[in-house]
Amino acid sequence: MPFGLLKFGLTKTYPARRILPRQHDLKSRYDVVIIGAGGHGLATAYYLATRYGITNVAVLDKGYLGGGNTARNTAIIRANYLTPEGVAFYKESMDLWRGLSDEFDLNILYSTRGHLTLAHTDGALRTARWRAEVNKHLGVDSDLIYPDEIARLCPQLDLSKNVRYPILGALHHPPGATARHDAVAWGYAEGAARHGVEIHQHTEVTGIHVQGGRVTGVETTRGAIECGQVLQAVAGASSLVARMAGLKLPIKTIPLQACVSVPLKPFLDPIIVSGSLHTYIWQTTRGELVMGGATDPYPLYSTRSTLDFKEGLMAHILELFPFLSEVRVNRQWAGMADMTPDFSPVMGMTPIGGYYIDSGWGTWGFKATPVAGFRMAECIANNRQPDLLHPFRIGRFETFSQVGEKGAASVGH
Ligand code: PYC
């Protein structure tokens with residue numbers, strides 16, 4: 001249990017604890033440079049410092065801390081993937097998630113609420129059963145359930161039979177959860193900074209130096225930095241940054257939009273997903289409905305929001321919850337999803353010595369934050385691809401060893 005709030009209440013001097021790290025002068029040399037001060041970059045810095053004692057680390061970001069995809073997702077956490085590789089990866093992530101509030105002594109509002117992926121067709125039922133069996137085999141709690149049980153877990157769903165998309169069953173994943181996304185970035189940032197890591201916001205990397213097949217430093221808008229190891233963790237700009245190092249990534253960047261309603265009286269406990277309808281929805285503790293759907297139908301480097309998306313999404317939400325028709329949308333946003341051909345991330349070592357990559361997150365990224373940081377720190381500290389990341393290695397496309405995760409992402413890619 002995080003005691004920070006209690007200590008804050010009892011202290012006499014304020015501010016009791018500074019969460020956001022101070023700005024430093026940029027040094028001309030660090031052991032490790034991390035490009036991207038989002039959840040993954042900060043988590044890697046945190047685990048490098050706390051698990052491996054590697055603290056001469058600079059985390060650089062062209063914007064502000066946690067201001068990219070970390071702030072632009074829908075904060076859903078789950079491990080009910082389809083491939084054994086994906087399930088094992090997310091099982092470890094969820095184990096780390098559950099301990100984060102204690103680890104940071106900061107309440108990240110981790111809230112276990114259960115996750116239902118609705119099946120409207122026989123094909124979707126078959127996939128749900130397949131996922132449930134893979135999940136159970138790997139120790140992840142998931143099961144196929146039918147309308148009676150769905151009605152018990154979420155009585156507000158329209159379970160009528162004579163509708164366009166009747167609900168035939170669902171993959172039920174009781175550990176499905178949500179968390180406060182900003183708090184995750186703050187927790188990792190504060191913990192890393194407390195151990196000596198420097199976080200440089202508004203410091204854009206403009207070039208990456210590679211000599212004799214090894215990375216030797218980076219060029220930034222605040223000067224050059226020499227270093228022996230560089231990690232790029234820049235969701236939404238992965239191909240652009242990799243290109244500076246001379247790496248070509250098999251990634252297309254596509255906007256993924258979402259929105260939030262005005263606050264409503266609490267009525268929705270679980271997270272509800274419909275793959276066929278390209279829809280997911282859950283209710284925050286403040287009462288807002290967080291809603292999202294499919295990625296935009298074309299690649300684009302943009303975080304603009306569109307009316308088309310909102311109209312399409314609302315039509316689908318109303319298929320499931322017709323009584324929400326008068327509810328107003330309060331705010332809309334977009335993240336940028338770096339999609340790979342097999343819908344799985346690209347992580348770990350690269351052909352450039354000392355250059356590491358954490359990219360291709362598509363719609364996986366937020367929930368992977370702890371495990372991505374934990375395992376990328378291991379990779380950098382040992383200069384070796386961790387076993388858990390072996391399936392996600394950059395070289396898999398050359399050997400046709402893709403990890404086809406399309407069926408399990410619960411959103412239309
Ligand atoms: O994987 O649960 C998910 C998800 C929701 C939105 C984007 N990805």
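Just so you know, ligand 1 is whichever comes first in the structure, and atom 1 is the first atom listed for that ligand.
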Work out whether the distance between some heavy atom of W361 and some atom of ligand 1 is less than 4.0 Å.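 Heavy atoms of W361 never come under 4.0 Å of ligand 1.
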Would you please indicate yes or no on a ring centroid separation below 6.0 angstrom for W97 and F366?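 Under 6.0 Å, so yes.
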With atoms numbered from 1 as shown, which atoms in ligand 1 lie under 4.0 angstrom from a non-hydrogen atom of [X]?
X: T74; answer: 5 (C), 6 (C)
X: I76; answer: 2 (O), 5 (C)
X: R78; answer: 1 (O), 2 (O), 3 (C)
X: Y81; answer: 1 (O)

Could you tabulate the donor-acceptor pairs under 3.5 Å formed by side-chain atoms of residues 51-68, not counting sequence neighbours?
{"from": "R51", "atom 1": "NH1", "to": "E103", "atom 2": "OE2", "distance (Å)": "3.0"}
{"from": "R51", "atom 1": "NH2", "to": "E103", "atom 2": "OE1", "distance (Å)": "3.3"}
{"from": "R51", "atom 1": "NH2", "to": "E103", "atom 2": "OE2", "distance (Å)": "3.2"}
{"from": "N56", "atom 1": "OD1", "to": "K27", "atom 2": "NZ", "distance (Å)": "3.2"}
{"from": "D61", "atom 1": "OD1", "to": "G63", "atom 2": "N", "distance (Å)": "2.7"}
{"from": "D61", "atom 1": "OD2", "to": "A37", "atom 2": "N", "distance (Å)": "2.7"}

If we set the cut-off at 4.0 Å for heavy atoms, which region of [X] has an atom near ligand 1: side chain, backbone, both, or neither?
X: T363; answer: both
X: Y280; answer: side chain
X: F366; answer: neither

Measuring only between side-chain heavy atoms, which start at C-beta, is V134 closer than 4.5 Å to T83?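 No; the side chains remain at least 4.5 Å from each other.
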Hey, could you give me each pair passing ring-ring contact (aromatic ring centres under 6.0 Å, His included) that has a residue in residues 368-387? Not counting sequence neighbours.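 For residues 368-387, and leaving out neighbouring residues, the ring-ring contact (aromatic ring centres under 6.0 Å, His included) pairs sorted by first residue read Y47-F374.
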Inspect the surroundings of CZ in R222 and state if more than 12 heavy atoms from other residues, nucleotides or ligands are less than 6.0 Å away.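 Correct, the count exceeds 12.
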Ion pair check, R375 and E92, cut-off under 4.0 Å: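 A salt bridge links R375 with E92.
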